[in-house]
Amino acid sequence: MPFSFIDIETKQSRKIILLFLTLVIFYFIGFLLIYSASELTIFIESIRGSHQWHKTHSILPSFQTILILLATSFLAALVHWMLSIRNMINRMLSVIRAKPIDPEDRYHLLFKNIVDEVSVATGGIKIEPYVVASRYLNAFALSDFHGRSIIGISEGLLLKMNRRQLEGVIAHEAGHLVWDDCLPATVSCSMAAVYAGLLRMIVSDQERARLPASLPLMVAVFIMRFLTLFLNTWISREREIRADATAVRLTRDPLSLAEPLYLISRDWRGDFLPSDELAPIFIVNPIERKLEESYGMFADLFTTHPPIRKRIDILLDMGHTDFKTFEPNVKEKAKIQDEIPISVPKEEKTWYALNGKIWQGPFSPSELSSLKWTDPFTWMTRAHDMKVRSAFEFEEINSLFKKRLSSHLPVYTCPACKNSLERVYYEGVPIWRCKECKGRLVKTEQLSRIIVREEMMFTEQLKEKVKQVRLSSLKNKGRYIKEPPSALTCPACGNIMHRTFYRAVHPYHMEIDTCRMCSLFWLDQDELEIIQYLTQGRL
Amino acid sequence: MSITFITLLLIAFFLLIVPAILYNSLVRLRVRVKTAWSQIDVQLKRRHDLIPNLVETVRGYAKHERETLENVTKARIQAINATNLREKASSENILTGTLRSLFAVAENYPDLKANQNFLNLQEELTTTENKIAFARQFYNDEVMRYNTAIQTIPRNIIARMFTFTESDFFELEDPREKALPEVKF
Ligand SMILES: [Zn+2]
Ligand SMILES: [Zn+2]
Ligand SMILES: [Zn+2]
């Protein structure tokens, strides 16, 4: 059952009913305007004499007309309402482009851990963590009628904040969940988003047809602006200050929230959003506006967020400090150290194994177990005693084979030089790397996460290579240099990989190998860094 | 309806219904305290489960630190066997102390500090410690509400009649003040 009015009762959210009434009034005013306009045209026509003007007519609508209009607007509002709350959270998540976390990603794991910690502080509210793969700094909370709660964060914020600051931000969002004031905000955003979705559809249609902006577009923009303004009057600015206070009650650390608020306000907050229709759910309004940062009744009525400086001042007051001492102390996070191999133990290379009729080696035990041609029955020996046995008879090797079976981790060999690939963290993302040729195997969605993490330092050598890529892409204008398909085979499925241009580096052209079946990219030495460099600051 | 009837009704209301409401509110508060405690218990158990793995990992790199490792193991067993709240608090504090010296020792072994397994365990322990701290904070807040209700008029009368006893606070050294070395990946 998607929704009934009994649910409203149990939620005891009068605000939801008010939201619905707002919607009815919105449609009523709209219909009234249309009605009056049509009456007016008939009146004007009659003056010109082309139409018969009945005496019963008047420009003001009769009581009966008003009733009919009211009923129609109620129906329209109901349809709109149903459209808004159906699959509400998932629709909103896709508009914001938020995705569930990847538990293997170290930044995501940190985020999930902190969400779990804050959830304990609230007494056990179940919260799902979501991440938006973009560089802007912002966070949001959503909840629906079924009690599903979500806290989302942008990669940018996740990267730039330290553990304590993240805790402050997440506690703020959890504050909304504690007060249960997330639901009206989510519903109101979702209602505005219905028109935004419509608008996007029209825009993309027109782009396809290459038509200039026309009347339906203007009307849709106007309706959405109007509706957003209407709905925002119900989202109080106090709501943010209340959530800030709750965050402090949860963390007992006012500065842990004051610092991120300050840092977010000095950075890009994500004004990519189609309009301010989604603003209420974010910790800081994605669009910086003069009205938002001002005081007074008018501002209170039509904005959703209080001035950031006011919020920071309240928090600093709780922390017994002031802005002058606070500002110079806000520090950014120490960077997560990169490219450390995931399985580290240093092992001696003392093992040899029989491949067909040739003894190969020396290998370390973990290398042995990850070679594709070895199995527990391969003949093996050690350098110092030269006793030849099956692999499973050596305890050390057998346990590694067992681990390999239970870990579900695939064993890959380098498509370029046939060495075994090792797992390493790159910008906190677990990828595969070839030790010999320095090539890397990356999942498609991992690459889109890596390119928003701009923490790498780039050497002069790399910058030189980037210059060459730029030059050659100008020269070749999107023609392939190597003949596709390339000779490389996919480490996962064994099919031939294809050459493709990586889209995010547009307008430059960069060829990389890909397997579309497994959604994997194979990047030669430095290619990952070049992609990162080319996309920097453009996402 | 006579006046006597209304008076009787009023008396019945005050004698039966008001105490019932007060009693119910006390029961609700007591249940909240219990649920809050179970949150702590879950996290303490999680911490105890993580330690053997941690000890094993450290042992692989730092064979000469036998004493530190044994202290942790002993403290863990003591913490598991603790029965009442006060015993639990003191044994958990000892355990926190031994873990702190274990992580201090680990600083001297760069290979250990680079071990992914160790880093994962360290992050796991950090987040568990934080959860314990938050769970404790939530529990103590609930205990405060419950104890205040028991001690103040009018619910103190009901509390005495039905033997609602005060709950103990759970006091630990706050690991968030003197935290484990912050996880540096
Ligand atoms: Zn907020
Ligand atoms: Zn290779
Ligand atoms: Zn493939």
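We use all heavy atoms of the structure for the numbers below, so side chains are in, but hydrogens, waters and symmetry mates are not. Convention: sequence-line order gives letters A, B, ...; per-chain numbering from 1.
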query: Is there a side-chain contact between A/Arg252 and B/Phe134, using heavy atoms and a 4.5 Å cut-off?
result: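 Side chain of A/Arg252 against side chain of B/Phe134, heavy atoms only: no contact under 4.5 Å found.
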- prompt: With a 4.5 Å heavy-atom cut-off, do A/Arg163 and B/Thr127 have their side chains touching?
  reply: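 In short, these two side chains touch, coming nearer than 4.5 Å.
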- prompt: When rounded to the nearest 0.5 angstrom, what is the spacing between CD in B/Gln39 and OG1 in A/Thr122?
  reply: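 It is 7.5 Å, given to the nearest 0.5 Å.
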Between CG on residue A/Asn113 and OG1 on residue B/Thr126, distance to nearest 0.5 Å: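 Here the interatomic distance stands at 9.0 Å.
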message: Determine whether a donor-acceptor pair (N or O, by modelled atom type, separation under 3.5 Å) exists between the side chain of B/Gln137 and the backbone of A/Arg249.
response: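 Yes.
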- prompt: Do the charged groups of A/Asp116 and B/Arg46 touch, with an N to O distance under 4.0 Å?
  reply: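 Looking at A/Asp116 and B/Arg46, the cut-off is not met.
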query: Is the number of heavy atoms from other residues, nucleotides or ligands within 6.0 Å of CZ (B/Arg86) greater than 12?
result: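 Counting neighbours around CZ of B/Arg86, 12 or fewer heavy atoms of other residues, nucleotides or ligands fall under 6.0 Å, so no.
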task: Pick one of side chain, backbone, both or neither for B/Gln43, based on which atoms fall under 4.5 Å of a heavy atom in chain A.
output: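 Side chain only.
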Structural part of B/Ala36 lying under 4.5 Å from a heavy atom of chain A: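 B/Ala36 has no heavy atom closer than 4.5 Å to chain A.
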